[in-house]
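Structure first, then comments.
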Amino acid sequence: MERKSVYFLGIGGIGMSALARYFLHEGYRVAGYDRTRTALTDALTAEGAAIHYEDDVQSIPAEFLDPARTVVVYTPAVPQDHGEYAYFREHGFRIEKRSQMLGLLAEGKYVMAVAGTHGKTTTSTLVAWLNRVLTGGGSAFLGGLSKNFDGNLVLGDGKRLAVEADEFDRSFLRLYPDVAVVTSADADHLDIYGTHEAVREAFAQFIRQIRPDGFLIIKQGLDLTIDNAEITVYRYAYDTPCDFYARNIELIGGGHYRYDVVTPSGVIEGCTLGIPGWVNIENSVAAVASVWCAAQSRGEEPDAERIREGLSTFSGVKRRFEFYVNTPKQVYMDDYAHHPRELAATLTSVRQMFPGRRITALFQPHLYTRTRDLHTEFAEALSHADEVVLLPIYPAREEPIEGVTSDLIARQVTVPCRIVDRDRLAETVAAMDTDVVISFGAGNIDACCEALAEVLKRKS
């Protein structure tokens with residue numbers, strides 16, 4: 001890229017911060033705006049980025065104000081009337097969406113993409129880790145903070161590039177993968193798509209963009225249009241026999257499992273995954289399928305022993321099934337789930353891990369539009385718990401919608417349910433009769449994790 005300065009609008013986002021880290025590593029000058037200071041933005045500042053938190057053109061460093069030297073990268077979450085965005089647009093700067101920049105950086109790579117309305121972060125992170133264990137290299141742009149790599153950017157030798165392919169704003173249509181996993185295509189981001197059918201059509205287009213002689217690995221039972229005649233299609237599942245699935249699944253304690261992974265060329269026996277939960281077995285099957293396809297493209301077979309090693313040493317992703325407390329008296333974990341299917345899958349997983357124990361779900365709804373469109377489904381999913389505490393809706397990029405509040409969910413939940421403000425969450429939980437507690441949400445409920453862990457440790 002000829003310009004040596006990169007300015008990010010929304011630099012603190014999980015995907016944006018990975019791009020910012022990449023350009024810092026490559027020796028570019030990096031600066032940006034975000035509306036909220038976080039641990040991510042602090043880390044970027046420590047790595048050399050200049051970041052400010054007010055929408056103010058005067059705060060942009062002078063060396064980023066030359067259109068001939070600066071490219072601007074923005075997230076669709078930044079509103080069109082944002083002052084800095086308007087300045088760059090009006091003054092002739094090259095402006096790229098995050099997804100466009102990711103697509104450019106993926107050129108010349110062997111792209112291993114994971115798409116889906118849920119499951120994609122853990123699966124893509126595990127693909128990146130298996131690449132590292134199997135080949136000693138591989139790079140990745142991730143949608144979460146990998147515990148193995150201690151971040152969301154992975155740089156390594158070789159052409160393999162694992163990426164999380166995000167369907168928000170049709171961003172994943174900037175990618176042309178060699179291997180694509182599709183985990184799910186539920187109704188989500190309807191503020192962007194309008195209808196579930198439009199979501200499904202976007203996934204169909206993503207499949208059309210798989211490169212010739214590439215591979216599609218799609219969840220068994222997921223009904224999407226597949227009309228790319230130049231690819232090989234495989235199905236994967238948790239334990240339903242198909243091309244890739246798990247068998248001989250055995251709970252071995254602490255929510256961990258031992259299982260075999262069946263592939264088209266044989267069985268990888270005696271696998272264990274370094275993180276708990278049955279839903280992650282399914283994710284691991286998809287990840288193994290991805291690296292199996294990458295090996296097959298070279299006429300090779302992946303090393304079964306190294307796959308077992310990679311699965312067992314996988315440490316997971318922050319805010320995905322992340323344990324803070326795990327004692328016989330109290331369990332507390334935090335999860336990023338923010339769609340009804342994710343909530344239901346996680347609660348079902350936890351119910352299997354801790355049979356007979358009482359589950360309290362703490363949930364912060366994310367976006368007014370998502371709550372408006374899916375409040376009934378949220379209530380049904382949360383009713384898998386024994387008790388529910390709701391926080392007010394986290395708006396993110398949205399303005400309030402009249403009549404859309406957390407009460408829409410609360411009045412349909414079939415177990416005891418209350419609504420509390422975020423700053424009262426820890427004291428509320430401290431006063432409750434708790435056993436297994438899970439906090440959910442894609443907003444800022446994670447800022448409560450340490451305080452919640454502290455009060456629950458005192459009960460242990």
Side-chain angles (χ1 to χ4, degrees), residues 110-127 130-131 162-165 167 172 175-188 196-197 199-249 257 259-269 271 273 277-297 300-302 304 307 311 341-342 344-345 348-349:
Y110 188 85
V111 178
M112 305 169 72
V114 181
T117 44
H118 47 83
K120 58 183 175 286
T121 301
T122 298
T123 305
S124 57
T125 305
L126 181 50
V127 170
L130 289 175
N131 280 340
V163 295
E164 177 172 329
E167 75 281 358
F172 61 170
L175 293 170
Y176 294 83
D178 297 278
V179 181
V181 174
V182 178
T183 66
S184 50
D186 297 327
D188 198 8
H196 189 190
E197 188 52 42
V199 176
R200 291 162 49 79
E201 173 52 34
F203 276 93
Q205 179 58 37
F206 175 70
I207 291 168
R208 293 182 193 109
Q209 294 179 191
I210 300 172
R211 292 169 180 165
D213 299 319
F215 302 88
L216 169 64
I217 302 154
I218 186 168
K219 173 78 180 293
Q220 175 76 6
L222 182 54
D223 182 20
L224 290 174
T225 298
I226 301 173
D227 53 11
N228 186 339
E230 298 184 277
I231 63 173
T232 302
V233 180
Y234 291 111
R235 299 274 175 176
Y236 81 95
Y238 171 60
D239 62 356
T240 303
C242 56
D243 299 309
F244 297 89
Y245 66 99
R247 73 177 192 192
N248 297 330
I249 301 166
Y257 295 83
Y259 56 101
D260 305 333
V261 178
V262 179
T263 78
S265 60
V267 181
I268 305 170
E269 297 181 332
C271 299
L273 191 60
W278 72 263
V279 70
N280 287 317
I281 297 177
E282 183 175 282
N283 292 333
S284 77
V285 171
V288 169
S290 184
V291 296
W292 185 91
C293 288
Q296 292 290 314
S297 73
E300 300 170 356
E301 191 75 24
I307 285 179
L311 294 174
R341 287 280 184 91
E342 295 170 325
T348 302
S349 231

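- Rounded to the nearest 0.5 angstrom, Tyr259 OH and Leu273 CG are separated by 4.5 Å.
- Closest heavy-atom contact between Ile210 and Ala180: CD1-CB, 3.7 Å.
- Here the CG-CD distance, from Leu175 to Glu164, works out to 11.0 Å after rounding to the nearest 0.5 Å.
- Within a 6.0 Å sphere centred on CZ of Arg200, heavy atoms belonging to other residues, nucleotides or ligands number more than 12.
- Val261 places none of its side-chain heavy atoms less than 4.5 Å from the side chain of Ile307.
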Run Tyr245 and Glu282 through side-chain contact (heavy atoms from CB on, under 4.5 Å) and show every step you take.
CA-CA 8 Å; Tyr245 66 99; Glu282 183 175 282; over 6 Å; no

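- Atoms OG and OH, on Ser284 and Tyr236 in that order, are 10.5 Å from each other to the nearest 0.5 Å.
- Across every non-hydrogen atom of Val285 and Ala237, the tightest pair is CG1-O, 3.8 Å.
- Taking all atoms of both residues into account, the shortest heavy-atom contact from Ile207 to Leu224 is CD1-CD1, 4.2 Å.
- The distance from atom CD of Gln205 to atom CG of Asp227, rounded to the nearest 0.5 Å, is 8.5 Å.
- At least one donor-acceptor pair closer than 3.5 Å links the side chain of Arg211 to the backbone N or O of Tyr176.
- A donor-acceptor pair under 3.5 Å links the side-chain atoms of Ser297 to the main chain of Ala294, judged by distance alone.
- The aromatic rings of Tyr234 and Phe215 sit parallel to each other, their planes meeting at less than 30°, with 60° as the upper class boundary.
- Within 6.0 Å of atom CG in Asp213, 12 or fewer heavy atoms from other residues, nucleotides or ligands are found, so the atom counts as exposed in its surroundings.
- In this structure, the side chain of Asn131 does not engage the main chain of Ala162 through any donor-acceptor pair within 3.5 Å.
- A pairwise comparison of heavy atoms in Ser290 and Val181 identifies CB-CG2, 4.2 Å as the closest pair.
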Which is it for Ile281 and Tyr238 under the side-chain contact (heavy atoms from CB on, under 4.5 Å) test, yes or no, and what are the steps along the way?
CA-CA 7 Å; Ile281 297 177; Tyr238 171 60; 3.9 Å; yes

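- Residue Gly277 comes nearest to Tyr257 through the heavy atom pair C-CE1, 3.8 Å, listed as atom of the first residue, atom of the second, then distance.
- Going from atom CD1 of Ile217 over to atom CD1 of Ile231 covers 10.5 Å, rounded to the nearest 0.5 Å.
- Here the shortest heavy-atom pairing between Arg235 and Asp243 reads N-OD2, 2.8 Å.
- To the nearest 0.5 Å, the span separating CG on Asp239 from CG on Asn248 amounts to 10.5 Å.
- When each of Val262, Thr263, Leu311, Asp260 is paired with Ile268, the side-chain contact (heavy atoms from CB on, under 4.5 Å) condition holds for Thr263 and for no other.
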Quick one, Val291 with Met112, criterion side-chain contact (heavy atoms from CB on, under 4.5 Å). Give me CA distance, side-chain angles, the key distance, then yes/no.
CA-CA 8 Å; Val291 296; Met112 305 169 72; 4.1 Å; yes

Test Asn228 against Gln209 for side-chain contact (heavy atoms from CB on, under 4.5 Å), laying out the working first.
CA-CA 8 Å; Asn228 186 339; Gln209 294 179 191; over 6 Å; no

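- In this structure, Phe206 and Phe172 have parallel ring planes: the angle between them is below the 30° cut-off, well short of the 60° mark.
- A side-chain donor-acceptor contact under 3.5 Å links Ser184 to the backbone of His118.
- Using a 4.5 Å cut-off on side-chain heavy atoms (C-beta onward), Arg247 and Glu269 make contact.
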